[in-house]
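First the structure, which I've put down as structure tokens, then a few questions once you've had a look.
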Amino acid sequence: MRVLKLNTPLNQIRGIGPAVTAKLNKLGLNTVNDILYHFPFRYEDFSHVSNIADLVPKEQSTIHGVIEDVSVRRAWHRRMFITEAQIADETGTIRAVWFNQPYIKNILIAGQMANFAGKVSESEEGELYLSNPTFEVLKNENQETKHTARLVPIYPETRGFTSKGIRAILNSLLQNIPRLYDWIPKDILEKNSLPDLKNALQKIHYPETLNEAFYARKRFAFEDLYLLQLFNLIQKLTLAEEKSPKIPTDIEWLKNEVLSKLPFELTDGQKKSLWEIIKDIGEEKPMNRLIQGDVGSGKTAVAAVAALIAAKAGLQTAIMAPTEVLAKQHYETFKKLFLPMDKKIQPQIGLVTASEAKIFYEKDVEADTKKTSLIQKVKKGEIPIIIGTHALISGTAKNAFSFHNLGILIIDEQHRFGVKQRAELTKNSKGITPHFLSMSATPIPRTLMLSVFGDLDISVISELPKGRQEITTQVVQKENTTDAYNFIKQKLNEGRQAFVVCPRIEPSEEEKTAPKKQLFQNIKKLELKSVKEEYEKLSKTVFKDYKVAMLHGQMKPAEKEKIMADFKANKINVLVSTTVIEVGVDIPNAVVMVIEGSERFGLAQLHQLRGRIGRGEHKSYCYLFTDSKNPETNARLKAIIEAKNGFELAEKDLEIRGPGQFIGEEQSGFSDFMMKSLQNIELVKSARESAALTLTRSRNLEKFPNLKERFDEFKIRLHLE
């Protein structure tokens with residue numbers, strides 16, 4: 001085989017034909033580099049080589065012997081082929097049996113030496129045999145083995161192409177790849193006890209011991225973490241060199257004219273977060289802060305006060321939300337917070353979404369307007385606070401927002417927006433770098449704070465506002481739903497309302513193989529089917545005497561708005577919905593939340609959904625419906641009842657479901673290894689320390705050309721959502 005390059009397509013390698021190439025492509029493997037980084041997810045330990053006479057039932061073993069006979073027979077009553085081989089060594093003989101693999105008879109030939117590895121089984125008559133063993137024909141006694149008599153890697157596979165085929169290709173490639181230049185600096189490898197790149201590739205695919213495999217896996221887990229920390233620290237250093245408007249705060253004015261006029265007293269967490277923001281925006285260095293708070297903890301109130309401080313200083317604030325529902329919710333919240341204040345203080349507030357644009361002037365004065373008119377007013381600086389969705393950054397050059405003097409940029413549910421969207425808003429502010437504040441009601445575990453959000457300073461609001469009642473939460477098995485429905489009817493008869501949330505239904509295996517765009521559409525169709533079926537059932541049977549409505553993401557904006565307005569006005573008793581109501585919905589009269597198929601949700605998402613109730617004066621109840629009898633599933637659901645707050649749940653969710661639930665595994669651009677390693681706080685810390693050390697030696701990585709090249713590639717595939 002000729003010396004290969006990492007970007008050599010697999011179909012150009014001798015011995016890999018079109019049929020095999022197609023199967024590898026199905027696994028996402030197109031080049032030499034792809035398959036080298038197709039890592040095992042576990043190892044079979046076939047390193048123990050036994051004599052046939054010493055075999056023990058249920059143990060994994062490898063035997064070395066001579067094939068005496070091979071035969072195939074058809075078991076008609078079971079509709080399968082059974083292949084059998086008789087194997088002998090100097091201590092005895094044993095049978096090997098394979099099911100529905102008749103082709104083996106053409107591979108194994110009487111008189112050949114071979115290894116057979118697998119679990120030793122025992123028949124009802126007490127005879128020992130090997131069931132479906134892995135085998136490897138040997139040319140001589142000293143031949144190095146790939147599939148037996150060692151730790152054997154097991155890979156993600158596809159139909160018709162197993163780990164054995166992948167091992168055969170990798171064994172050949174590892175002997176013919178070019179010299180690999182390690183892009184991680186040598187001192188960083190030594191500091192973290194990590195193998196170099198070529199050694200790590202060899203040991204992850206063909207380790208002699210599990211310890212070798214461990215350090216190879218650690219090396220690859222470290223890679224993206226290290227690059228991510230470099231990215232975060234460079235972002236932070238770059239931002240520190242930029243200038244932002246210095247926004248002063250008149251503390252007496254703040255206490256007497258603003259905070260004292262709010263409809264409620266700020267909690268200690270809100271006060272602390274506000275003070276951290278005041279200190280940040282009081283400097284010329286741009287603020288880059290994340291407010292993390294539980295559902296209903298009052299993050300929006302803190303953001304509103306910050307916007308008011310900026311308005312007093314003659315600067316604008318832009319607030320961007322991921323959905324129309326949430327953007328409108330913020331608009332209404334800002335109005336409510338500012339109404340009790342003196343008219344001299346009340347700023348104009350603009351709202352822009354895909355379906356509408358409006359301006360709030362002062363009490364009882366609000367006007368619908370055209371987007372183009374709103375754009376002009378914002379451009380002239382006449383509107384100090386503008387709230388919107390992607391509509392703030394979308395549109396043509398003539399129909400896009402630019403700001404007269406943007407002082408603060410606030411993004412809600414920050415993990416739903418990418419860096420590109422942030423940059424787009426900043427670009428439209430005449431080159432001035434605004435202070436940046438993001439908010440998230442999704443509790444983020446400590447390891448993710450350090451890594452994914454490592455360039456942000458964190459403010460935490462851990463307590464709920466005074467007067468918020470604890471929500472009674474209960475796991476309900478399917479056979480007990482009648483009692484829950486009867487209780488809900490009781491509450492409806494008292495004039496209260498209820499949510500019923502339907503789960504995301506996983507697509508079939510066939511649908512999962514579709515392209516990503518098609519897969520997304522399949523999932524949306526299944527979600528729609530789920531909510532429609534539940535709506536039909538509840539509206540025609542369980543709640544036939546009540547007004548039931550349906551809400552899902554594929555409805556037109558006007559239709560969704562009408563349903564939400566009717567629900568808020570108590571014209572609808574029960575709202576059957578997808579998770580579109582997860583954030584931004586505030587219906588104080590809704591006191592019941594039913595979550596169908598609750599085992600399909602992450603704990604953090606269940607907590608978010610539960611946060612849609614308990615927002616008024618009435619006692620609220622959350623029912624987690626499930627038909628799962630799995631003890632682990634039910635223990636996980638009970639965690640939401642026992643946890644004191646969303647932060648505890650987030651740590652538990654990270655442990656159970658992995659980081660993909662928080663940052664969007666499909667969107668992140670991170671390797672599978674790094675996604676798993678985000679749970680290892682010590683490795684995250686080591687990567688951060690190593691990145692800081694590297695940057696003290698070369699601020700722009702110019703002294704490390706291989707690292708710089710890899711880092712530039714990493715930035716291209718990094719899409720934090």
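Worth knowing before you read on, the calculation uses all heavy atoms, side chains too, and leaves out hydrogens, waters and symmetry mates.
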* Considering all heavy atoms of both residues, which atom of Ser163 and which atom of Pro153 are nearest to each other, and what is their separation? -> CB-O, 4.1 Å

* Any donor-acceptor pair under 3.5 Å from Thr267 side chain to Gln270 backbone -> yes

* Output yes when a side-chain donor or acceptor of Gln316 lies under 3.5 Å from a complementary backbone atom of Gly407, and no otherwise. => no

* Asked: With a 3.5 Å cut-off and no angle check, do the side chains of Ser244 and Glu284 form a donor-acceptor pair?
  -> no

* Flag side-chain contact, heavy atom, 4.5 Å: Leu6 against Leu180 -> yes

* Asked: Between CG of Asn232 and CD of Gln229, what distance do you get to the nearest 0.5 Å?
  -> 5.5 Å

* Just wondering, do Met439 and Ile411 contact through their side chains at under 4.5 Å, heavy atoms? -> no

* Asked: Using a distance-only test with no angle check, is there a side-chain donor-acceptor pair under 3.5 angstrom linking Ser47 and Asp45?
  -> yes

* Asked: Heavy-atom distance under 4.5 Å between the side chains of Tyr37 and Ile204, does that happen here?
  -> no

* **Val152 to His147 - nearest heavy-atom pair and separation** => CG2-O, 3.3 Å

* Using a strict 4.0 Å threshold on nitrogen-to-oxygen distance, state whether Lys708 and Asp712 make a salt bridge. => yes

* To do: Taking the six-membered ring for Trp and the single ring otherwise, decide whether the centroids of Tyr155 and His205 are under 6.0 Å apart.
  => yes

* To do: Hey, could you give me the CG/CG distance between Asp182 and Asp196, rounded to the nearest 0.5 Å?
  => 6.0 Å

* To do: For the pair Glu276 and Ser459, evaluate side chain to side chain donor-acceptor pair (under 3.5 Å) and give the outcome as yes or no after the intermediate values.
  => CA-CA 8 Å; Glu276 288 168 342; Ser459 292; 2.4 Å; yes

* To do: Heavy atoms only: give me the nearest Thr696-Leu693 pair and the separation to one decimal.
  => OG1-O, 2.5 Å

* Taking C-beta and beyond as the side chain, do Arg150 and Tyr206 meet within less than 4.5 Å on heavy atoms? -> yes

* Asked: Under a 4.0 Å N-O cut-off, is there an ion pair linking Arg710 with Glu223?
  -> yes

* For the ring pair Phe704 and Phe711, is the centre-to-centre distance below 6.0 Å? -> no

* Side-chain H-bond candidate by donor/acceptor type, Asp412 with His330, under 3.5 Å -> yes

* Could you tell me whether Glu44 and Arg42 have a side-chain N and a carboxylate O separated by less than 4.0 Å? => yes

* To do: Can you see which heavy atom on Asn30 is nearest to which on Asp34, and at what distance?
  => N-OD2, 2.9 Å

* Going through the checks in order, is the side chain to side chain donor-acceptor pair (under 3.5 Å) test met by Ser690 and Asn192? -> CA-CA 9 Å; Ser690 298; Asn192 293 281; 3.0 Å; yes

* To do: Would you kindly say whether Tyr226 and Thr694 are connected by a side-chain donor-acceptor distance under 3.5 Å?
  => yes

* Asked: Between Ala327 and Thr353, which heavy-atom pair has the shortest distance, and what is it?
  -> CB-CG2, 4.4 Å

* Are any side-chain N or O atoms of His435 and backbone N or O atoms of Pro245, one a donor and one an acceptor, separated by less than 3.5 Å? -> yes

* Can you find a pair of side-chain heavy atoms, one from Leu227 and one from Leu225, that are under 4.5 Å apart? -> no

* 4.5 Å side-chain heavy-atom contact, Leu197 and Arg219 -> yes

* To do: Mind checking the CG-NZ spacing from Leu230 to Lys715? Nearest 0.5 Å is all I need.
  => 10.5 Å

* Kindly indicate whether the side chain of Val305, heavy atoms from C-beta on, has any atom under 4.5 Å from the side chain of Ile277. => no

* Structure fact -> What one should report as the nearest heavy-atom pair of Pro207 and Leu151 is O-CB, 3.8 Å

* Gap separating the CG atom of Leu10 from the OG1 atom of Thr21, nearest 0.5 angstrom -> 6.5 Å

* Asked: Within the side chain of Gln175, is there an N or O that forms a donor-acceptor pair under 3.5 Å with the backbone of Asn171?
  -> yes

* Asked: Are any non-hydrogen side-chain atoms of Leu315 and Leu406 less than 4.5 angstrom apart?
  -> no

* Asked: Can we say Glu241 and Arg699 salt-bridge, meaning some charged N sits less than 4.0 Å from an Asp/Glu carboxylate O?
  -> yes

* May I ask you to say whether Glu689 pairs ionically with Lys191, meaning some side-chain N is under 4.0 Å from a carboxylate O? => yes

* Asked: Between Asp457 and Lys236, is there a side-chain N and carboxylate O pair less than 4.0 Å apart?
  -> yes

* Does Asn405 use its side chain to pair, donor to acceptor, with the backbone of Gly381 at less than 3.5 Å? -> no

* Looking at Phe222 versus Phe220, is the centre-to-centre ring distance below 6.0 Å? -> no

